Amino acid sequence: MDENKSTATTLVELSNLAGESDLEGSTENKPDKVAIRRDLEAQLRPIQEYATNVMFDPKLDEGLYLIGAGVRKKSVVKVYAVAVYSSAFVLNSASSTTALRAAARTFDASTPTTSFVLEMVYSASAEKIGGAIADSVKPRYSGSASDIGTLESLIVEGVIKKGGQASKGTTFRFDCSEEGVTVSVDGSVQGVADFAGMGSAFVDVFLDDNAVSLTLVSSCMDTWSNPQGKAIAASLLDLDELEDDVTTAEEMSDEETDQGPRLEEVESQLSPIQEYATSIVFAPTLDNGLYLVGAGVRKKSVIKVYAVAMYSTPKVLLAANTHASLHDAARTFDATSSMTSFVLEMVYSAGAEKIAGAIAESVKPRYDGAAIDIGRLESLIVEGVNGIGGQAIKGTTFRFDCSREGVSVSVNGVEQGVAAFDGLGSAFVDVFMDGNSVSPTLVDSCVSTWSSVDAKLMATTLTELYDEIHRSKDATANDVEVEVVDPDDANEIKVDPSNIAATKVEVRQETTTTTIPSAEYNRNNDNIETLKRNAPPSKSKHNLLKK
């Protein structure tokens with residue numbers, strides 16, 4: 001097919017769709033737009049970096065488009081090939097280096113992310129490659145030097161995990177956004193250096209006047225400033241804008257029916273995690289609505305003792321950008337994050353006293369309370385294991401629900417009781433999440449699972465739905481208000497016998513539970529249902545939750 005004709009045809013179709021988008025029923029054109037985007041993207045081609053022969057795909061999985069590819073050299077040594085990916089808006093700006101750089105580093109709705117993919121062609125140690133990239137960002141970044149240290153440590157940690165050497169073929173990916181820079185090594189997300197301005201500074205390393213790869217800048221210009229490139233870029237941008245316009249129109253016209261994703265729909269997209277060292281699979285949610293954050297293994301020397309998974313609220317998922325923020329969110333119990341749970345599955349057999357003692361010993365140095373409190377936790381574990389024969393054999397499961405009230409212990413699904421001591425829940429979280437975690441692989445799994453762009457979007461959606469549900473519950477809690485009156489004012493309760501349905505209401509700060517008919521309470525002087533009952537001497541009002 002002639003490419004110029006193909007592009008011209010696509011532009012005509014886009015023009016027709018734009019004219020039809022204002023008409024009623026324009027949503028029927030959605031399949032056409034999908035087909036047009038598919039045809040457009042089929043015209044995109046990979047780029048082979050000529051100095052290294054490294055090939056880069058025309059598109060990344062998030063819908064970012066390949067702009068150009070180049071090489072990074074130190075003297076005559078080729079260190080790595082590099083490609084830059086970004087939005088259709090950036091493609092359209094590649095007519096000059098100034099416009100390209102401005103578009104790629106300015107993060108907004110049209111360009112939320114600009115990504116760089118590096119493939120090593122020369123072997124370098126973790127510290128060497130991490131330091132070299134950090135040194136390039138440092139003079140371009142106006143923030144704290146410690147922020148650069150975070151970026152460097154993410155690179156170093158990623159390379160160390162694969163043996164400490166960034167050998168030929170090792171790939172790095174840096175997703176730059178308004179939030180900072182997400183670092184991946186060989187496809188594994190290491191975390192986010194989440195500092196304002198760092199994303200733009202990283203873009204400058206490759207696209208400013210002192211770019212470390214001049215061939216990358218030249219490739220971007222050559223690829224998208226010719227007539228064919230401009231036509232495809234313009235078509236992609238028009239399609240993006242058309243879809244945005246249609247989406248906005250649909251949101252405005254469908255306010256009554258389109259209430260956004262349901263919680264069940266979002267949860268269905270979550271996946272289980274298989275702990276790689278033990279092959280144990282953990283479900284993506286627990287029965288009380290907690291979400292799987294990550295999974296790891298607990299070892300003693302070379303012995304794998306148990307696999308462990310952490311579950312918590314969407315607030316904790318959202319905080320899993322870094323180890324520090326994850327730890328803080330998981331151990332801080334409040335209205336938005338009331339519980340963090342750990343599920344342990346044994347892969348090595350241990351006696352009741354042995355496994356209980358090991359867990360208790362891990363909690364003890366992290367807990368400020370009395371030693372007898374730790375003893376209570378230990379006894380609950382021992383009692384649970386004794387209840388199944390005295391041996392925590394392979395496959396035995398423990399569950400520890402940590403909250404402000406303390407730690408609830410379950411063995412093989414049977415609740416043993418609660419070690420109800422203030423601060424014990426946070427101390428238990430610290431066992432697995434602090435700087436001396438008994439399972440570093442659990443921490444790594446949590447951060448790598450939830451720090452990608454897609455995962456952060458999922459966590460944000462879950463957080464919004466979670467907050468909406470709790471706002472709804474709060475509103476329900478205010479539906480029934482009972483006034484507790486002084487016994488001097490009244491001695492009985494009068495109700496309308498026409499009300500049949502009864503609602504059980506628990507009056508806080510009292511020892512009795514009263515069943516009263518549900519009714520509409522109009523507090524006018526002329527038309528009022530008066531509720532009179534014997535009550536404590538003090539006068540107060542209680543907002544009650546409908547049961």
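Values in this document were obtained by computation on a predicted structure and should not be read as measured data.
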(Q) Is it true that Glu405 and Ser403 share a donor-acceptor pair across their side chains at a distance under 3.5 Å? (A) yes

Q.
As a quick check of understanding, evaluate side-chain contact (heavy atoms from CB on, under 4.5 Å) for Leu317 and Val293, giving each step before the final call.
A. CA-CA 6 Å; Leu317 305 182; Val293 191; 3.7 Å; yes

Q: Answer yes or no: are there more than 12 heavy-atom neighbours, outside Asp422 itself, under 6.0 Å from its atom CG?
A: no

Q. Should Arg404 and Asp334 count as an ion pair when the cut-off is N to O under 4.0 Å?
A. no

**Q.** Salt-bridge present (Asp208, Arg101; N to O < 4.0 Å)
**A.** no

Q.
Go through it in stages, so that I can follow the logic: the residues are Phe282 and Val308, the test is side-chain contact (heavy atoms from CB on, under 4.5 Å), and I'd like the CA-CA distance, side-chain angles, deciding distance and then a yes or no.
A. CA-CA 9 Å; Phe282 292 96; Val308 54; 5.7 Å; no

Q) Passes side-chain hydrogen bond (donor to acceptor under 3.5 Å, both in side chains), Thr170 versus Lys162? Steps please. A) CA-CA 9 Å; Thr170 299; Lys162 62 181 300 298; 3.1 Å; yes

Q: Using a strict 4.0 Å threshold on nitrogen-to-oxygen distance, state whether Asp175 and Arg173 make a salt bridge.
A: yes

(Q) Quick check against the 3.5 Å criterion: does Thr150 have a side-chain atom that pairs as donor or acceptor with the backbone of Ser146? (A) yes

(Q) With salt bridge (charged side-chain N to carboxylate O under 4.0 Å, His left out) as the rule and sequence neighbours excluded, what pairs involving residues 435-461 come up? (A) Lys161-Asp444

Q. Crowded around Asp368 CG? As in, over 12 foreign heavy atoms under 6.0 Å?
A. no

Q.
With no hydrogens and no angle check, just 3.5 Å: does a side-chain donor-acceptor pair link Thr461 and Glu464?
A. no

**Q.** Interatomic distance, Leu377 atom CG to Ile359 atom CD1 [nearest 0.5 angstrom]
**A.** 7.5 Å

Q: Please test Ser86 against Tyr65 for side-chain contact (heavy atoms from CB on, under 4.5 Å), starting from the C-alpha separation and ending with a verdict.
A: CA-CA 5 Å; Ser86 199; Tyr65 298 104; over 6 Å; no

Q | Salt-bridge criterion met for Arg376 and Asp373 (N-O under 4.0 Å) | A | no

Q: Side-chain contact test, heavy atoms from C-beta onward, threshold under 4.5 Å: evaluate it for Thr313 versus Tyr291 and give yes or no.
A: no

Q: Indicate whether the side chain of Ser437 and that of Ser439 have a donor and an acceptor atom separated by less than 3.5 Å.
A: no

Q) Looking only at side chains, do Ser184 and Gln190 share a donor and an acceptor under 3.5 Å apart? A) no

Q) So, the side chain of Thr111 versus the backbone of Thr113: is there a donor-acceptor pair under 3.5 Å, distance only? A) no

Q. For Glu179 and Ser177, what are the C-alpha separation, side-chain angles and deciding distance, and is it a side-chain hydrogen bond (donor to acceptor under 3.5 Å, both in side chains)?
A. CA-CA 5 Å; Glu179 288 72 35; Ser177 66; 3.1 Å; yes

(Q) Is it the case that the side chain of Tyr141 and the backbone of Asp147 share a donor-acceptor pair, with hydrogens and angles ignored and the cut-off at 3.5 Å? (A) no

Q. What's the shortest heavy-atom distance between Ala201 and Arg140, and which atoms?
A. CB-O, 3.5 Å

Q. So which pairs with a foot in residues 294-314 pass salt bridge (charged side-chain N to carboxylate O under 4.0 Å, His left out), sequence neighbours left out?
A. none

Q) Do Phe206 and Val212 come close enough that some side-chain heavy atom pair is under 4.5 Å? A) yes

Q: Kindly give the heavy-atom pair with the smallest separation between Phe333 and Ser338, and that separation in Å.
A: CD2-O, 3.8 Å

Q.
Would you call the rings of His327 and His323 parallel, tilted or perpendicular, taking 30° and 60° as the class edges?
A. tilted

Q) Sub-3.5 Å donor-acceptor pair from the side chain of Asp108 to the main-chain atoms of Ser110, do we have one? A) yes

Q: Any chance you could measure Leu154, atom CG, to Ile133, atom CD1, to the nearest 0.5 Å?
A: 11.5 Å

Q. So which heavy atom on Ser451 is nearest to which on Val189, and how close?
A. OG-CG1, 2.9 Å

Q) How long is the gap from CZ on Arg366 to CZ on Phe432, to the nearest 0.5 Å? A) 9.0 Å

Q.
Any non-hydrogen side-chain atom of Thr285 less than 4.5 Å from a side-chain atom of Leu270?
A. yes

Q: Scan side-chain atoms only and decide if Thr396 and Glu345 contain a donor-acceptor pair under the 3.5 Å cut-off.
A: no

Q) Under 3.5 Å, side chain of Ser312 to main-chain N/O of Met339, donor-acceptor pair present? A) yes

Q) So, does Thr332 use its side chain to make a donor-acceptor pair with the main chain of Ala329 at under 3.5 Å? A) no

Q.
How about CZ on Phe107, more than 12 heavy atoms from neighbouring residues, nucleotides or ligands closer than 6.0 Å, or not?
A. yes

Q) Have Thr52 and Glu49 got a donor and an acceptor in their side chains that come within less than 3.5 Å? A) yes

Q. How many angstroms lie between atom CG of Leu286 and atom CG of Leu292, to the nearest 0.5 angstrom?
A. 8.0 Å

Q: State, with a plain yes or no, whether a side-chain heavy atom of Leu344 is found less than 4.5 Å away from one of Phe400.
A: yes

Q. Would you say the side chain of Phe398 lies within less than 4.5 Å of the side chain of Ile355, judging by non-hydrogen atoms?
A. yes

Q | Pairs satisfying side-chain hydrogen bond (donor to acceptor under 3.5 Å, both in side chains), at least one member in residues 379-390, at least two apart | A | none

Q. Looking only at atom types and distance, does a side-chain atom of Gln416 sit under 3.5 Å from a main-chain N or O of Val414, one as donor and one as acceptor?
A. yes

Q.
I need the minimum non-hydrogen distance between Ser213 and Val71, along with the two atoms involved.
A. OG-O, 2.8 Å

(Q) Any side-chain to backbone donor/acceptor pair from Ser337 onto Lys315? Under 3.5 Å, distance only. (A) no

Q | Asn412 versus Gly395, closest heavy-atom pair with distance | A | OD1-O, 4.3 Å

Q: Output the distance between atom OG (Ser136) and atom CG (Asp204), rounded to the nearest 0.5 Å.
A: 12.0 Å

Q) Hey, what's the ring geometry for Phe116 with Phe202, parallel, tilted or perpendicular (30° and 60° as the breaks)? A) tilted

Q: State, to 0.1 Å, how close Thr171 and Gly187 come at their nearest heavy-atom pair, and which atoms those are.
A: OG1-N, 4.3 Å

(Q) With no hydrogens and no angle check, just 3.5 Å: does a side-chain donor-acceptor pair link Thr322 and Ser325? (A) yes

Q) Taking everything shown except Ile388 itself, do over 12 heavy atoms lie less than 6.0 Å from its CD1? A) yes

(Q) Taking atom NZ as the centre, does Lys74 end up with more than 12 heavy-atom neighbours from other residues, nucleotides or ligands that are less than 6.0 angstrom away? (A) no

Q: Flag the pair Asp401 / Val418 as yes when at least one side-chain heavy-atom distance between them is below 4.5 Å, and no otherwise.
A: no

Q) Can you check side-chain contact (heavy atoms from CB on, under 4.5 Å) on Phe342 and Val429, steps first, answer last? A) CA-CA 8 Å; Phe342 294 90; Val429 172; 3.9 Å; yes

Q: Using a cut-off of 6.0 Å, state whether more than 12 heavy atoms not belonging to Glu267 lie near its atom CD.
A: yes

Q: Please answer whether the main-chain N or O of Gly294 pairs with a side-chain N or O of Thr449 as donor and acceptor at a distance below 3.5 Å.
A: no

Q) Taking the side chain from Ser125 and the backbone from Lys128, do they hold a donor-acceptor pair closer than 3.5 Å? A) yes

Q. When rounded to the nearest 0.5 angstrom, what is the spacing between CZ in Phe56 and CD1 in Ile47?
A. 9.5 Å

